[in-house]
Amino acid sequence: MLANEDVVSCIRREILEEAGIECEEILLRGTINWPGFGPKGESWLGFVFRIDRFKGNPRTCNEEGTLSWVELERLDTLPMWEGDRYFLPLVFDDNPKIFHGYMPYKNGHPISWQYIRI
C-alpha cells in the first residue's frame, strides 16, 4: 500500500496493475490478523476483498506468473498458502456479514484459526 492510499484505492490500483482490470464492485469480506506470518516473524493484518464486477479484459500473465480463472468448485485443488484454505470458504459463501479472523503462524505454518462475524 502506498503512503497516500486507503485500502480500497490500494486494491483498485493493485488489481489494475496486476490483472489489467478495473474494479467496479468491491466487497469487503473480512480481515485477518496473522501474528508471526512475516519473513522475520512480524505480524501482518490483511483485508480480504471480493471483486464481483469489473471492466476490461483480464491478463493471462504478469511478472509474477500465470493468471487464470477457475470455477469456485475447483478452488480447493489450487496451490495456495496453507492458511488460505481456512478463510477462502468465507469469502465466497452467502453470509453477508464480514468475518474477522485470527491465524497465528509458527515456523511458516498456521497453528490455529478462529473468527467471528459481525
Side-chain angles (χ1 to χ4, degrees):
M1 188 157 65
L2 301 177
N4 64 342
E5 285 182 318
D6 58 77
V7 295
V8 174
S9 297
C10 179
I11 189 81
R12 287 181 189 278
R13 178 184 53 76
E14 287 284 337
I15 294 296
L16 182 60
E17 288 175 5
E18 295 183 17
I21 56 178
E22 293 181 49
C23 303
E24 292 187 327
E25 187 177 332
I26 301 171
L27 183 64
L28 176 64
R29 291 300 288 150
T31 64
I32 304 177
N33 179 11
W34 287 286
F37 180 78
K40 295 180 182 171
E42 61 270 14
S43 297
W44 287 13
L45 174 65
F47 296 84
V48 182
F49 292 95
R50 190 178 73 208
I51 301 166
D52 288 347
R53 195 174 70 244
F54 63 87
K55 178 170 53 173
N57 295 312
R59 294 186 182 128
T60 57
C61 65
N62 65 24
E63 59 193 32
E64 295 181 31
T66 302
L67 302 174
S68 61
W69 297 96
V70 298
E71 299 81 13
L72 287 177
E73 298 78 28
R74 290 191 43 228
L75 277 181
D76 64 345
T77 68
L78 300 175
M80 63 182 76
W81 287 97
E82 182 180 353
D84 290 359
R85 297 190 188 283
Y86 292 97
F87 69 86
L88 269 179
L90 304 174
V91 175
F92 296 104
D93 69 13
D94 293 329
N95 190 326
K97 293 183 177 181
I98 295 172
F99 70 87
H100 301 282
Y102 174 75
M103 185 184 302
Y105 267 68
K106 186 173 183 177
N107 299 320
H109 299 281
I111 56 175
S112 68
W113 165 243
Q114 60 189 19
Y115 69 93
I116 61 170
R117 279 190 137 148
I118 56 172

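Note: hydrogens, waters and symmetry copies are ignored here, and every other heavy atom, side chains too, is used.
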Where the side chain of Arg117 meets the backbone of Gly30, is there a donor-acceptor pair that is under 3.5 Å apart? no
Hey, could you give me the CD/CG distance between Glu14 and Leu2, rounded to the nearest 0.5 Å? 8.0 Å
Treating Ile, Leu, Val, Met, Phe, Trp and Tyr as nodes and any side-chain heavy-atom pair under 4.5 angstrom as an edge, say whether Trp34 and Ile11 lie in one connected cluster. no
Step through the shown structure and confirm whether more than 12 heavy atoms of other residues, nucleotides or ligands are within 6.0 Å of CG on Asn57. no
So which heavy atom on Gly38 is nearest to which on Trp44, and how close? CA-NE1, 3.5 Å
Distance col, row Glu82:CD vs Met103:CE, nearest 0.5 angstrom, shows 9.0 Å
Atom of Met80, atom of Leu88 and distance for their closest heavy-atom approach: SD-CD1, 3.6 Å
Provide the closest heavy-atom pair for Arg85 versus Asp76 in the form atom of the first, atom of the second, distance. NH1-O, 3.0 Å
Parallel under 30°, tilted from 30 to 60°, perpendicular over 60°: which one fits the rings of Trp113 and Phe99? perpendicular
Quick check: is Leu16 connected to Phe54 through a chain of hydrophobic side chains (ILVMFWY, heavy atoms under 4.5 Å apart)? no
Sequence neighbours excluded and cut-off under 3.5 Å, please list the side-chain donor-acceptor pairs for residues 19-28, or say none.
residue, atom, partner, partner atom, Å
Glu24, OE1, Arg53, NE, 3.3
Glu25, OE1, Arg53, NH1, 2.9

Answer yes if Val7 and Ile15 sit in the same cluster of Ile, Leu, Val, Met, Phe, Trp and Tyr residues linked by side chain heavy atoms under 4.5 Å apart, and no otherwise. yes
Straight-line distance of Leu72 CG to Arg74 CZ, nearest 0.5 Å: 11.0 Å
Nearest heavy-atom approach of Ser43 to Gly36 is OG-N, 3.8 Å
Tell me whether Arg29 contacts the main-chain N or O of Phe92 through its side chain, where contact means a donor paired with an acceptor under 3.5 Å. no
Under 3.5 Å, which donor-acceptor pairs do the side chains of residues 63-70 form with other protein atoms, sequence neighbours left out?
none

Nearest-0.5 Å distance, CZ of residue Phe37 to CD1 of residue Ile32: 9.5 Å
State plainly whether one hydrophobic cluster holds both Ile51 and Val48, where clusters connect Ile, Leu, Val, Met, Phe, Trp and Tyr through side-chain heavy atoms under 4.5 angstrom apart. no
Considering all heavy atoms, the nearest Leu90-Asp93 contact: O-OD1, 3.3 Å
Greater than 12 external heavy atoms within 6.0 Å of Asp6's CG: yes
Would the number of heavy atoms belonging to other residues, nucleotides or ligands and lying under 6.0 Å from CH2 of Trp81 be above 12? no
Hydrophobic cluster identity match, Phe47 and Val91, side-chain contacts under 4.5 Å: no
Any side-chain heavy-atom pair from Pro35 and Tyr102 closer than 4.5 angstrom? yes
Does CG in Asn4 sit with more than 12 non-hydrogen atoms of other residues, nucleotides or ligands closer than 6.0 Å? yes
